[in-house]
Undergrad: 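I have a structure here, written as structure tokens, and I will follow up with some questions on it.
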Amino acid sequence: MLVIGERINTSRKTIAQAVEQRDEAFIAGVAIEQFNAGAAYIDANAGTLLSGEPDALEWLAKTIQGAVDAPVCIDSPNPAAIERALKVHKGRAIINSITAEEERYKAVLPLVKEYNTGIIALAMSDEGMPSNAEDRIRVAGSLVERLLSDGVSIDDIYVDPLVFPAATGAENTSAVLETIRTIRKRYPGVHASCGLSNVSHGLPVRKLLNQAFLVMAVSYGMDAAILDPLDRRLMALLIASRALLGRDEFCMEYLTAARNGEFEGLA
Ligand code: THG
């Protein structure tokens, strides 16, 4: 299971402020706490900074990798900003993301190839956001096929069915689950990823919804997620779900986590 830490995102006030002031110690701290909590990748998103985004994203990639030995999930729709971060990045980044929008696809694909990155493929096209499972499966499927025919290996593709807030219509959530199951079955070897915390936006007790949704999505085959690794119960549920689903041989990861005290105070 690939855990991508979500916390370095300028939609959060403290992060926006730290990025604007180029507060290296603060961003390093947020990278380190996520890495220590089990994040394999650190997401970096400076989308709210508009014209300042390319500079900020380059600075974030440098700052994160100066603090932790982990690759960055470069979270931007802007190919120029993505490339600025890639130029300073060490190791294999994930680009977050490509879509089936023609202009964006054509601009992002060369970066995937040139910098040999993983790629999150969002189920979004020039027709706009998907409104049901059928849309998501059609758009995600054609994206996977196009990426494969353009020479991207299947193991580097992370399909993201686009999680909307449950408060805007819970049928979106079941459509996401159905898309994960169908795409993972149709293209063996492809990964499925979600922006987990989107699901709880605008509702109280957000962590509860994120936790419930994680368990459901894992059971439908999700094997990567952008999430808050500082939520200990969320991380524990991830391990427990995989053990129950037979994705953790002899429950070794579960047993190791228990022995290391990772579940202390949770049950
Ligand atoms: N798919 C892909 N990338 C994405 C998303 C996606 N990137 C951005 C977003 N969605 C995922 N990242 C976040 C980051 C923070 C929050 C939600 C999604 C968030 N944070 C709360 C806050 O700041 O108020 C809660 C933080 C907290 O309490 O710890 O809501 O879908 N490919």
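Bear in mind the structure is a predicted one, so any value in this text is a computation, not a measurement. By convention here, the first residue in the shown sequence is residue 1. When a ligand or atom number is given, it counts from 1 through the structure's own listing order.
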Undergrad: Can you find a protein heavy atom closer to atom 3 (N) of ligand 1 than 4.0 Å?
TA: yes
Undergrad: Would you find more than 12 non-hydrogen atoms of other residues, nucleotides or ligands less than 6.0 Å from Glu249 atom CD?
TA: no
Undergrad: Going by the atom numbers of ligand 1, which of them fall below 4.0 Å from some non-hydrogen atom of Arg7?
TA: 29 (O)
Undergrad: If you measure every N or O of Asp75 against every N or O of ligand 1, does any of those distances drop under 3.5 Å?
TA: yes
Undergrad: Is a donor from one side chain sitting under 3.5 angstrom from an acceptor on the other, for Asp43 and Asn96?
TA: yes
Undergrad: Show me which atoms of ligand 1 lie under 4.0 Å from any heavy atom of Asp228.
TA: 29 (O)
Undergrad: Enumerate the atoms of ligand 1 whose separation from the nearest heavy atom of Ile120 is less than 4.0 angstrom.
TA: 32 (N)
Undergrad: Quickly, which of Val139, Asp135, Leu143 forms a side-chain contact (heavy atoms from CB on, under 4.5 Å) with Ser125? Name it, please.
TA: Val139
Undergrad: Any nitrogen or oxygen of Ser197 lying under 3.5 Å from a nitrogen or oxygen in ligand 1? Just yes or no.
TA: no
Undergrad: Say whether Asn45, considering both its backbone and side-chain N or O atoms, lies within less than 3.5 Å of an N or O atom on ligand 1.
TA: no
Undergrad: Against ligand 1, does Asp160 come closer than 4.0 Å with any heavy atom?
TA: yes
Undergrad: For ligand 1 and Arg206, I'd like to know whether there is a polar contact (N/O to N/O, distance under 3.5 Å).
TA: yes
Undergrad: Given Ser11, Pro165, Gly195, Ser193, which one has a non-hydrogen atom that is nearest to atom 6 (C) of ligand 1?
TA: Gly195
Undergrad: Between Arg184 and Tyr158, is NZ or CZ placed under 6.0 angstrom from the six-membered ring centre and within 45° of the ring axis?
TA: no
Undergrad: Could you verify whether a donor N or O on one side chain and an acceptor N or O on the other, from Tyr115 and Glu83, lie under 3.5 Å apart?
TA: yes
Undergrad: Name the closest protein heavy atom to atom 9 (C) of ligand 1, giving the residue it belongs to and the distance to 0.1 Å.
TA: Asn198 OD1, 3.6 Å
Undergrad: Identify which of Glu6, Arg12, His201 has a heavy atom lying nearest to atom 14 (C) of ligand 1.
TA: Glu6
Undergrad: Does ligand 1 have any atom sitting under 4.0 Å from a heavy atom of Lys13?
TA: no
Undergrad: Could you tell me whether Ser97 and ligand 1 have an N or O pair separated by under 3.5 Å?
TA: no
Undergrad: Quick one: sort the Tyr254 and Phe263 rings into parallel, tilted or perpendicular, breaks at 30° and 60°.
TA: tilted
